[in-house]
Chemist: 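First the structure, which I've put down as structure tokens, then a few questions once you've had a look.
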Amino acid sequence: MTTMPGLPSLVLRGSSATARFGDGFDYVQWEQDGRVIRIPLEAIEEVRSLDRSFEVVLTTTDGGRPAAVYAVHRASAAAVATFCAALRVRLPERGAEEVRVDGQELITEVSAGDARKPSRRLLVASLIAVLAAIDVTVGVLREPAWVVALPFLQLFACTGAFMALTLGRGLYNALRLPKHGITVMAELDHYTDKTKVYRYADQDGGLHYYREPTGGQQLEISYDPRNPSRASARQPLYGQVVMALVTIIGLGMACGGLGLTGYQLFLALRG
């Protein structure tokens, strides 16, 4: 009977990436930008701890080509030291003249699973419970018809809030990052069934990924140097205007729906 290994015993969380490693694992699990990959130990040339930053340097077959680096920034200094020490013990010993493999080719991508879904589900369930309680309160204290009418109004408001948050954040990044961030040309990394995924490196050599359905082999993007995983593709003026209009419409929908819900609750409680 085969026993499946448990979750990694060491977890290193940074500002934009999480690394996991433990006994019985011959790889480092790397989680970044919604992507989960496994970096085999034989693909790692060295690991470095730099105060609150941790770096995994991959092996390369070309001595003149810079090695790929995966980095965790702004983590706990004690956690970085512990993680780095545990990983160094498990790295294979290599001689200076030993032939290296291309570490990038050994990396495998795995399904992210449902790691983040429980928290989102809890948030959605809590919101639904609160709105349902409001609907029942208004229906009992004021008018039963509101038990049917208010959910449609609240769905309208939630749709507007989603539009405003999604497009508003995108517009903010599109306006701010080209002026205050770092602009690079991202390379097409792979396709999914819904979009293209582009790859770019930050100032420290860390790899990040950006999803964009349109674009060619390269895509001009700007990223936040303090949080390199936060990036935005270059948006034309027309695109920015559309995003602004949709954001305003979404805000109007959210404020109108929630405002009317609150007003009906006020009338019901006032009697």
Chemist: Heavy atoms, side chains only, cut-off 4.5 Å: are Leu188 and Gln218 in contact?
Modeler: no

Chemist: Would you say the ring centroid of Tyr200 lies under 6.0 angstrom from that of Tyr210?
Modeler: no

Chemist: Without hydrogens or angle criteria, can the side chains of Gln217 and Glu187 be said to hold a donor-acceptor pair below 3.5 Å?
Modeler: no

Chemist: Count I, L, V, M, F, W, Y as connected when their side-chain heavy atoms are under 4.5 Å apart, and connections chain through other members. Are Val136 and Ile134 then in the same cluster?
Modeler: yes

Chemist: Please answer: with hydrophobic residues joined when any side-chain heavy atoms are less than 4.5 Å apart, are Tyr238 and Leu171 in the same cluster?
Modeler: yes

Chemist: Indicate the atoms forming the closest heavy-atom contact of Pro228 with His208, along with that distance.
Modeler: CB-NE2, 3.2 Å

Chemist: What's the shortest heavy-atom distance between Gly216 and Tyr198, and which atoms?
Modeler: O-OH, 2.7 Å

Chemist: Any side-chain heavy-atom pair from Arg230 and Arg169 closer than 4.5 angstrom?
Modeler: no

Chemist: For a 4.5 angstrom cut-off between non-hydrogen side-chain atoms, does Tyr70 reach Ile37?
Modeler: yes

Chemist: For residues Met243 and Gly170, report the shortest heavy-atom separation together with the two atoms involved.
Modeler: CE-C, 3.2 Å

Chemist: Can Val197 be reached from Ile107 by stepping across I, L, V, M, F, W or Y side chains whose heavy atoms are under 4.5 Å apart?
Modeler: yes

Chemist: Hey, could you give me the CG/NE2 distance between Leu175 and His180, rounded to the nearest 0.5 Å?
Modeler: 10.0 Å

Chemist: Taking Leu87 as the starting point, is it possible to reach Val69 by hopping between hydrophobic residues whose side chains are less than 4.5 Å apart?
Modeler: no

Chemist: With the side chain counted from C-beta on, respond yes when Cys84 and Arg88 share a heavy-atom pair under 4.5 Å apart, and no when they do not.
Modeler: yes

Chemist: Enumerate donor-acceptor pairs with a distance under 3.5 Å from any side-chain N or O in residues 145-164 to protein atoms, sequence neighbours excluded.
Modeler:
| from | atom 1 | to | atom 2 | distance (Å) |
| --- | --- | --- | --- | --- |
| Gln154 | NE2 | Asp135 | OD1 | 2.7 |
| Thr159 | OG1 | Leu155 | O | 2.9 |

Chemist: Going by heavy atoms in the side chains, are Val242 and Val246 under 4.5 Å from each other?
Modeler: yes

Chemist: I'd like to check the side-chain contact (heavy atoms from CB on, under 4.5 Å) partners of Ser222; sequence neighbours left out, ordered by chain and number.
Modeler: Leu177, Pro178, Thr183

Chemist: Are the side chains of Trp30 and Val72 in touch, meaning some heavy atoms are under 4.5 Å apart?
Modeler: yes

Chemist: Go through the side-chain N and O atoms of Arg199 and Tyr209 and say whether any donor and acceptor fall under 3.5 Å apart.
Modeler: no

Chemist: Write down the atom of Gly181, the atom of Pro225, and the distance for their closest heavy-atom approach.
Modeler: CA-CD, 3.9 Å

Chemist: Is a side-chain donor-acceptor pair under 3.5 Å present for Glu31 with Gln29?
Modeler: yes

Chemist: Using residues 49-58 as the side-chain source, report each donor-acceptor pair under 3.5 Å to any protein atom, sequence neighbours left out, with the distance given to one decimal.
Modeler:
| from | atom 1 | to | atom 2 | distance (Å) |
| --- | --- | --- | --- | --- |
| Arg52 | NE | Ala75 | O | 3.0 |
| Arg52 | NH2 | Arg74 | O | 3.3 |
| Ser53 | OG | His73 | ND1 | 3.1 |
| Glu55 | OE1 | Arg48 | NE | 2.9 |
| Glu55 | OE1 | Arg48 | NH2 | 2.7 |

Chemist: I'd like to check the side-chain contact (heavy atoms from CB on, under 4.5 Å) partners of Thr82; sequence neighbours left out, ordered by chain and number.
Modeler: Leu10

Chemist: Show every donor-acceptor pair shorter than 3.5 Å between a side-chain atom in residues 38-47 and any protein atom, with sequence neighbours excluded, or say none if there are none.
Modeler:
| from | atom 1 | to | atom 2 | distance (Å) |
| --- | --- | --- | --- | --- |
| Glu45 | OE1 | Arg100 | NE | 3.1 |
| Glu45 | OE2 | Arg100 | NH2 | 2.9 |

Chemist: Crowded around Arg176 CZ? As in, over 12 foreign heavy atoms under 6.0 Å?
Modeler: yes

Chemist: Any non-hydrogen side-chain atom of Glu220 less than 4.5 Å from a side-chain atom of Met185?
Modeler: yes

Chemist: Would you find a donor on one side and an acceptor on the other, under 3.5 Å apart, between the side chain of Thr59 and the backbone of Val101?
Modeler: yes

Chemist: Side-chain polar contacts of residues 257-271 - donor-acceptor pairs under 3.5 angstrom, sequence neighbours left out - could you list them?
Modeler:
| from | atom 1 | to | atom 2 | distance (Å) |
| --- | --- | --- | --- | --- |
| Thr261 | OG1 | Gly257 | O | 2.9 |
| Gln264 | OE1 | Arg142 | NH1 | 2.5 |

Chemist: What distance separates Gln104 CD from Thr61 OG1, expressed to the nearest 0.5 Å?
Modeler: 11.0 Å

Chemist: Does Leu12 share a hydrophobic cluster with Leu91, counting links as ILVMFWY side-chain heavy atoms below 4.5 Å and allowing steps through other members?
Modeler: yes

Chemist: Shortest non-hydrogen contact from Glu212 to Ala233?
Modeler: OE1-CB, 4.2 Å

